There are 2 protein chains.
Amino acid sequence: MSRRDEVLTAAIELLDEVGLDDLTTRRLAERLGIRAGALYRHFENKRALLDAMADRIAAEGGGHPQPEGDWADQVRVMAIGARSSMLAHRDGALLMATFYLPGAAAVAAWKGFIVVFREAGASARLAALSVDTIVCYVNGFTIEEQARKTTPPTAVSRRIRDRDFRAGLEVVIAGIDATLRRPELKAKRSARSRDKPYS
Amino acid sequence: MSRRDEVLTAAIELLDEVGLDDLTTRRLAERLGIRAGALYRHFENKRALLDAMADRIAAEGGGHPQPEGDWADQVRVMAIGARSSMLAHRDGALLMATFYLPGAAAVAAWKGFIVVFREAGASARLAALSVDTIVCYVNGFTIEEQARKTTPPTAVSRRIRDRDFRAGLEVVIAGIDATLRRPELKAKRSARSRDKPYS
DNA sequence: ACCTGAACACCGTTCAAGT
DNA sequence: ACCTGAACACCGTTCAAGT
C-alpha cells in the first residue's frame, strides 16, 4: 500500500467523521501526524484528493452486475448498490456529483450498465440513454436525500426513503421497458407545435 | 426593494461572475462597498444567504403549469423550465441541490407538479411519487451537466445536451404513463426472491 | 522519497462602537 | 437601521531546506 493510498484512506475516515465542509488539508495532515504542506507530495491539490476519494467510494460499490435475473433485476441491484455506496459515507453523494473527471471505477460501473442494456436488446444509443436516465435519477435522489439536513436520519426514516427510492426506480425502469419494447417511439414528440393542426 | 434584496441581487451577480467556490462574503461586501461583517445584519450566516439565493433562482423558473396540452406536455414544460432556471446561473444546479430548507418558490413548483398529476388521475401517493421521480431526474442530470468542467460549454455541446435531456425526460414520462395506466402494478416486485419457485 | 518551517494571501464570523 | 474597525481562529498552497 503506497503512502498515497494511506493518505486517501485517512481522508475518507476524516470525511465520515466531520463531513465535507470540515474536511480540511490541515485536519487531514494532523490525523496523519504531518504538516499540511506535505500532502502536496501525493496530490496536486485538494481537488485531486477529492476526485480520488470519489473514485474509491465508487469502487466500493462494485459495478459488476449479478449473473441471475432479467435486465430489470440487474438494473435494480446495480442502482441500489450505487446508492448504498454513496450513503455509506458522509456527504458521499455530493462528493461523487462534484468530482470532475470520472475515474476508473466510475467508468467500470457505467460499462456494466451498458452491457446489461445491450444484452436486453437495446441499441447502443438506447443503452446509453437508459444508463444516463438511471444514473441521473439515482444521483438526484441520493444527493437530495443526503444534503437535506433538516432532521437527523433515524432508522424509520431510512426505511421510508428506501421504499421511496425503489418506487421511483420502478417508474424509471418501466419507462425504459416501454422504450425498449417500442423503439419506434424514440424520435417522437420532437416538434410538439406541429401536432396542433391535427388535434 | 429592501436592503436585503439588494444584497441578494449582488450575490447572484457575483455568483455568475466567479462561481460558487469564489463566492466569498468579503468579495460580496467589496462589490456592495461595505465590509464583510455588515452582511450579518441581513443574513444570519453564509448558509442562509445561499439558501435565499437558491430560492430566488427557483422563483425565476416560474413553477406555474401552462393551461394547454395534456399532463405530459405540462410536465415537459415544467421540467425544461426547471433545468433552464438552474442553467441560467453559474453552479445553479449545485446551489439548488445543497440548500437545506426548501423555500417558498420551491414549494410552489412542487405543488404545481402535484396539481398536474392529480388532474391526470393520479392518487395522492402516485402524484408524489411521480414528481419526486421527475425532480430527481432533472436535478441529477443538471448537476452532472453543470459540474463537469472538462470542456467549456460550447453552443454545439449545449444543443446535444438539450437533446439528451429531453430523451431521458421522455423515458421518465413513459414510466409515469405506464404506472398511471396500470395502478395495480404499484406494489409489484416488492419481494423478488419469492418469485423463484414459480420460474 | 517524504517531511518541516515558515510564510503568503486569503477565509467566515463576532462585536463594540459609530452615524 | 446600517455600517466600520479590528480582531479571532481558521483556510489552501508554495517552497527552500532538512533527513
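Residue numbers start from 1 in every chain, and the chains themselves are labelled A, B, ... in the order their sequence lines are given, proteins ahead of strands. Here the structure is a predicted model, which is why all the values come from computation and not from measurement. Heavy-atom basis, side chains included; hydrogens, waters and symmetry copies ignored.
In this structure, R90(A) places its CZ atom where more than 12 heavy-atom neighbours from other residues, nucleotides or ligands lie under 6.0 Å away. Annotation for R163(A): atom CZ does not count as buried by contact number, only 12 or fewer foreign heavy atoms lying within 6.0 Å. Sparse packing is recorded around CD of E30(B), with 12 or fewer heavy atoms of other residues, nucleotides or ligands lying under 6.0 Å away. When the shell of 6.0 Å around CD of E6(A) is examined, it contains more than 12 heavy atoms from other residues, nucleotides or ligands.
When heavy atoms are screened at a 4.0 angstrom cut-off, R35(B) is found touching the sugar-phosphate backbone but no base atom. Across all strands shown, R26(A) has heavy atoms under 4.0 Å from base atoms, whether or not it also approaches the sugar-phosphate. At a threshold of 4.0 angstrom between heavy atoms, the contacts of R27(A) are confined to the sugar-phosphate backbone, with no base atom among them.
Spacing between dA9(D) and dA9(C) at atom P, rounded to whole Å, works out to 22 Å.
The main-chain N or O of L94(B) is never found under 3.5 Å from a side-chain atom of D91(B) such that the two would form a donor-acceptor pair.
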For DNA chain C, the dot-bracket pattern of Watson-Crick and G-U pairs whose distances stay under 3.5 Å, | for other-strand partners: ||.|||||...|||||.||
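The footprint of chain A on DNA chain D, defined by a heavy-atom cutoff below 4.0 Å, extends from dC11(D) to dT14(D).
When each of Y40(A) and R4(B) is assigned the nucleotide of DNA chain D with its nearest heavy atom, R4(B) is the one assigned upstream, toward the 5' end.
Closest heavy-atom contact between L23(A) and A11(A): CD1-O, 3.7 Å.
Every residue two or more places apart in sequence or in another chain was checked for a ring-ring contact (aromatic ring centres under 6.0 Å, His included) with F43(B), and none qualifies.
Ring planes of Y137(A) and F141(A): tilted class, angle from 30 to 60°.
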